[in-house]
Amino acid sequence: MTIPLVDVHSQYEPLIPELEARFREVLDGGQFIRGPHFYAFQEEAAAYLGAKQAIGVANGTDALVLVLDAMEIGPGDEVICPAFTFYATAESIARRGATPVFADVDPVTLNIDPDAAAAKISSRTRAIMPVHLFGRPAALDELSQLGVPLIEDAAQAFGAPGVAQHGVFSTYSFFPTKNLFCLGDGGLVVSNDEDLADRLRVLAFHGSRDKVDFDFVGYNSRLDELQASFLRLFLTHLDEWNRGRREAAARYAELGLGDLVDLPLDEDGHIYHLFVCRSSARDRIREALVEAGIGTATYYVTPLHLQPAMRFLGNEPGSLPETERAAKENFSVPLWPTISVEQQERVVDVVRSAVGVVTRAGA
Ligand SMILES: Cc1ncc(COP(=O)(O)O)c(C=O)c1O
C-alpha cells in the first residue's frame, strides 16, 4: 500500500461539479479581477476569522511584504522572527530592507519562544512576527505582553483557534496544500486596525484607489476572482476538514506512534496543517518510510539564520540550539482530513519496525 504525504485531491474531488459550475459562472460573468466573489470572500473570511478587515492578495509572501510596508517598516528597523519556518517569513522582512532578528523556538511547540523573543528586543525592534507553525498557534498571550506589535504569519493555520486576534495584522497563504487552499496561488491579510487595513488595501492596488491618482509606490497583488470563487466553496468545508485532521492526529496517538517518536500533540489549538514528529532516529525512520512507499518530508533542515541569503546577518551555527536540533530531528508522516485507519496503522507499523520496537500485541 503506497500512501502519499498529503492528498489534496481527495479533498476537492467530491467538489469538482461545484468547482466547474463556479468556473462557468466566472466565465459568464467576465469579471476576472475584483469581481463579486473577490469582495464576498473577503467579507466571509473576515467574519470567519473574527476580524474587521480582510484583503485578498496574490500569495502569502506578498501578504507579509504588504503588511511590513503598510506599517512603514524598512531600513534601520528590526523584526524578530523564528528561523524554524518557511523562508518567506524572513524574506519579507529583508525584502523591505529591514533586519530579521532570529529568536530560538520552544522545543515542544517548535514556535517562537517568548523568552527568547523578549531577549532580542532592542530600540530598533518594530514588530515580532510569530509563525503558527504546522498549524499550531504560537504563544500569543505571552508574546502580546512584550509591548511590541505582533504580525502573525498564519500561513499554515487558517481556522486555528485564537489566531488573528492579537496581531496588528495576520497573514494567510492559500498555497494548494494549506488547510484552506485554492487551486493556484492566493493570500489574505486580516486586521482590526481600519486605517492600516485601508492603507494596505491601497498599497496592494498600485498605491491607488481608482487607478487614476496614485498616492503611494505600491504593488499589483490581488486574489484572482476565480480563486476567490473556489475559496468561498472551500471555506464552507474548512471546519469539517480541520476536524478530520484533528481526529487523524489523535488516532496516531491511539495507535501508539507516541511510544516510538515525539508527537506534536496539542488538543487546544493545533489544526495539523502537517503532522511533524521528532526523533533522534529520524533518518532511519525516513528511509524505512520511503522504502515502504509512504510519504514523508523534513522541514527547514537549513534553518533561515544559516541560509546563504541570510549570511549577511552574521549568524553562526550553534546560535539557535533548539532551532538547529529541531532541523535535525523533524519529519512528517501522512495526514489529511480523510486518511483511513488502515493507512495510519500501516504508517505506525513501518515506524515501529524502523525503531526496532515490538508491537504492543506481541509484547
Ligand atoms: C510560514 C509561511 N509563511 C509564508 C508563506 C508564503 O506563502 P506563499 O507560498 O503563498 O507565498 C508560507 C507558505 O508557503 C508559509 O508556510
For residues [X] and [Y], is any side-chain donor paired with an opposing acceptor at under 3.5 Å?
X: R232; Y: H37; answer: yes
X: T338; Y: Q11; answer: no
X: Q156; Y: H132; answer: no

Is there a donor-acceptor contact under 3.5 Å from the side chain of [X] to the main chain of [Y]?
X: S332; Y: A297; answer: yes
X: Q343; Y: I3; answer: no
X: E324; Y: P317; answer: no
X: R22; Y: F230; answer: no
X: R284; Y: A354; answer: yes
X: Q344; Y: A248; answer: yes
X: S221; Y: A58; answer: yes
X: D106; Y: T109; answer: yes
X: T298; Y: V301; answer: no
X: D198; Y: E194; answer: no

Do [X] and [Y] have side chains that approach each other closer than 4.5 Å (heavy atoms only, starting at C-beta)?
X: L335; Y: L274; value: no
X: V163; Y: F158; value: no
X: P130; Y: L140; value: yes
X: V333; Y: I285; value: no
X: D113; Y: V105; value: no
X: S122; Y: E78; value: yes
X: P82; Y: N111; value: no
X: T89; Y: M129; value: yes

Less than 4.0 angstrom from a charged side-chain N to a carboxylate O is my criterion; do [X] and [Y] meet it?
X: D349; Y: R352; result: yes
X: D195; Y: R199; result: no
X: R278; Y: E329; result: yes

Spell out, yes or no, whether [X] and [Y] are grouped together once hydrophobic residues are joined by side-chain heavy atoms under 4.5 Å, including indirect joins.
X: L180; Y: V189; answer: no
X: F38; Y: F234; answer: yes
X: F41; Y: L15; answer: yes
X: F214; Y: I33; answer: no
X: V217; Y: L196; answer: no

Q: Starting from the C-alpha separation in whole Å, work towards a yes-or-no answer on side-chain hydrogen bond (donor to acceptor under 3.5 Å, both in side chains) for E316 and S319.
A: CA-CA 6 Å; E316 296 290 336; S319 56; over 6 Å; no

Q) Among L150, I151, V101, which one satisfies side chain to side chain contact (heavy atoms under 4.5 Å, CB included) with I128? A) L150

For the residue pair [X] and [Y], what are the closest heavy atoms and their distance?
X: S191; Y: D193; value: OG-N, 3.0 Å
X: L304; Y: Y87; value: CD2-CA, 3.6 Å
X: P334; Y: I294; value: CG-CG2, 3.6 Å
X: P176; Y: G184; value: CD-O, 3.4 Å
X: T171; Y: L64; value: OG1-CD2, 3.3 Å
X: L49; Y: Q165; value: O-NE2, 3.0 Å

Under 6.0 Å between ring centres, would you say that holds for [X] and [Y]?
X: Y300; Y: F84; answer: yes
X: F181; Y: W241; answer: yes
X: F86; Y: F134; answer: no

**Q.** Lys NZ or Arg CZ of R34 over Y39 ring: under 6.0 Å, within 45°
**A.** no

Q. Is R136 positioned over the aromatic face of Y272, cation under 6.0 angstrom from the ring centre and no more than 45 degrees off axis?
A. no

**Q.** Residue pair D28, R24: steps toward the salt bridge (charged side-chain N to carboxylate O under 4.0 Å, His left out) verdict
**A.** CA-CA 6 Å; D28 290 343; R24 180 81 226 186; 3.3 Å; yes

Q: Could you walk me through whether F205 and K211 pass the side-chain contact (heavy atoms from CB on, under 4.5 Å) test, one step at a time?
A: CA-CA 8 Å; F205 190 58; K211 254 189 171 176; 3.9 Å; yes

Q) Are there more than 12 heavy atoms of other residues, nucleotides or ligands under 6.0 Å from atom CZ of R282? A) yes

Q | Atom CD of E43: over 12 foreign heavy atoms under 6.0 Å | A | no

**Q.** Worked check of side-chain contact (heavy atoms from CB on, under 4.5 Å) between E254 and R251
**A.** CA-CA 5 Å; E254 284 158 29; R251 205 176 304 124; 4.0 Å; yes

Q: Before giving the answer on side-chain contact (heavy atoms from CB on, under 4.5 Å), spell out for M71 and V67 the whole-Å C-alpha distance, their side-chain angles and the decisive distance to 0.1 Å.
A: CA-CA 6 Å; M71 292 173 74; V67 161; 3.9 Å; yes

**Q.** D77: which of R124, R126, R96 passes side-chain hydrogen bond (donor to acceptor under 3.5 Å, both in side chains)
**A.** R126

Q: Would you sort out whether Y172 and N179 count as a side-chain hydrogen bond (donor to acceptor under 3.5 Å, both in side chains), showing the intermediate values?
A: CA-CA 10 Å; Y172 291 93; N179 289 43; over 6 Å; no

Q.
Using the rule given for side-chain contact (heavy atoms from CB on, under 4.5 Å), can you reason through L200 versus L66, listing the C-alpha separation, both sets of side-chain angles and the distance that settles it, and then say yes or no?
A. CA-CA 6 Å; L200 190 143; L66 279 158; 3.9 Å; yes

